[in-house]
Asker: 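Below are the structure tokens for one structure; questions will follow.
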Amino acid sequence: MAMANTNIYVGNLAYSTTSRDLEEAFGRYGTVARAQVVSDRDTGRSRGFGFVEMPDAGEAQRAIDALDGADLGGRKLTVNKARERESR
DNA sequence: GTTGAGCGTT
């Protein structure tokens with residue numbers, strides 16, 4: 001109910017990958033409600049993973065299927081539904 | 001180089 005968007009985890013990102021990069025990559029498969037690369041709270045560096053929220057479950061699944069294992073910045077992405085945490 | 005914060009203690 002409170003979880004209207006499909007929450008997607010994107011791992012194995014190059015440290016150079018930005019939230020904008022995620023938004024562009026997932027935006028090719030549907031509407032992206034939010035895209036965020038997670039940075040280390042202490043060092044400020046990318047932690048090498050991020051999250052993307054998409055309102056359409058069908059588009060979200062298609063994006064996951066298309067981007068999981070895809071190459072971005074020289075890294076093979078790991079993409080799947082996120083485990084916990086909700087939007088904020 | 002892999003699953004988000006921070007109040008506080010789950």
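Letters A, B, ... mirror the listed sequences (proteins, then strands); counts begin at 1. What you see below is based on every heavy atom in this structure, not just the backbone, and it leaves out hydrogens, waters and symmetry mates.
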Asker: Would you mind reading off the distance between R47(A) atom CZ and dT3(B) atom P, rounded to a whole angstrom?
Answerer: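 Going from R47(A) (CZ) to dT3(B) (P), I get 6 Å.
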Asker: What is the distance, rounded to the nearest whole Å, between atom CZ of F49(A) and atom C1' of dG4(B)?
Answerer: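 In whole Å, dG4(B) C1' and F49(A) CZ are 6 Å from each other.
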Asker: May I ask you to say what R75(A) touches in the nucleic acid, namely base, sugar-phosphate or nothing, with a heavy-atom cut-off under 4.0 Å?
Answerer: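 R75(A): base contact, heavy atoms under 4.0 Å.
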Asker: Would you say S19(A)'s side chain and V37(A)'s backbone share a donor-acceptor pair under 3.5 angstrom?
Answerer: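 A pair under 3.5 Å: yes.
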Asker: Please give, in whole Å, the distance from dT3(B) C1' to Q36(A) CD?
Answerer: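 Checked: the CD to C1' distance equals 14 Å.
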Asker: Using modelled atom types only, decide if a donor and an acceptor are shared between the side chain of D40(A) and the backbone of D42(A) within a distance under 3.5 Å.
Answerer: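 The answer is yes, because a donor-acceptor pair under 3.5 Å joins these two groups.
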Asker: Give me each pair satisfying salt bridge (Lys or Arg N to Asp or Glu O under 4.0 Å) with a member in residues 59-68 of chain A, each pair once, sequence neighbours excluded.
Answerer: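 Non-adjacent pairs meeting salt bridge (Lys or Arg N to Asp or Glu O under 4.0 Å): zero.
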Asker: On a whole-Å scale, what distance lies between the C1' atoms belonging to dG6(B) and dT10(B)?
Answerer: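 Going atom to atom, C1' in each nucleotide, I get 14 Å.
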Asker: On DNA chain B, compare the nucleotides closest to A14(A) and V38(A); which residue's is nearer the 5' end?
Answerer: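 Nearer the 5' end of the strand: A14(A).
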Asker: Find the distance I8(A):CD1 to dT3(B):C1' and express it as a whole number of Å.
Answerer: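 Checked: the CD1 to C1' distance equals 13 Å.
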Asker: Compare all side-chain heavy atoms of Q61(A) with those of K81(A) and state whether any distance is below 4.5 angstrom.
Answerer: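 Yes. Closest side-chain heavy atoms under 4.5 Å.
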Asker: Can you tell me the distance, in whole Å, between the CG atom of N80(A) and the P atom of dT2(B)?
Answerer: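 Distance, rounded to whole Å: 14 Å.
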Asker: Sequence neighbours left out, what passes side chain to side chain contact (heavy atoms under 4.5 Å, CB included) with S16(A)? Give chain and number order.
Answerer: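 Side chain to side chain contact (heavy atoms under 4.5 Å, CB included) check on S16(A) returns A14(A).
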Asker: Please report, rounded to the nearest Å, how far the P atom of dT2(B) is from the CG atom of N7(A).
Answerer: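 Nearest whole value for this atom pair: 20 Å.
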Asker: Taking CG from D42(A) and C1' from dG4(B), how many angstroms apart are they, rounded to a whole number?
Answerer: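 So the CG-C1' distance, D42(A) to dG4(B), works out to 14 Å.
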Asker: Salt bridge or not for R28(A) and E24(A), using N-O below 4.0 Å?
Answerer: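 Salt bridge absent between R28(A) and E24(A).
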Asker: Side-chain contact test, heavy atoms from C-beta onward, threshold under 4.5 Å: evaluate it for V79(A) versus Y9(A) and give yes or no.
Answerer: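 Answer no - side chains too far apart.
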Asker: At a heavy-atom distance below 4.0 Å, what parts of residues 15-33 of chain A sit against DNA chain B?
Answerer: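 Within this stretch, Y15(A) sit under 4.0 Å of the strand.
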Asker: Distance check needed: dT2(B) P versus L72(A) CG, whole Å only.
Answerer: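 In whole Å, dT2(B) P and L72(A) CG are 17 Å from each other.
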Asker: Report which part of the nucleic acid F51(A) touches: base, sugar-phosphate, or nothing (heavy-atom distance under 4.0 Å, all strands).
Answerer: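 Base contact - F51(A) has a heavy atom under 4.0 Å of at least one base atom.
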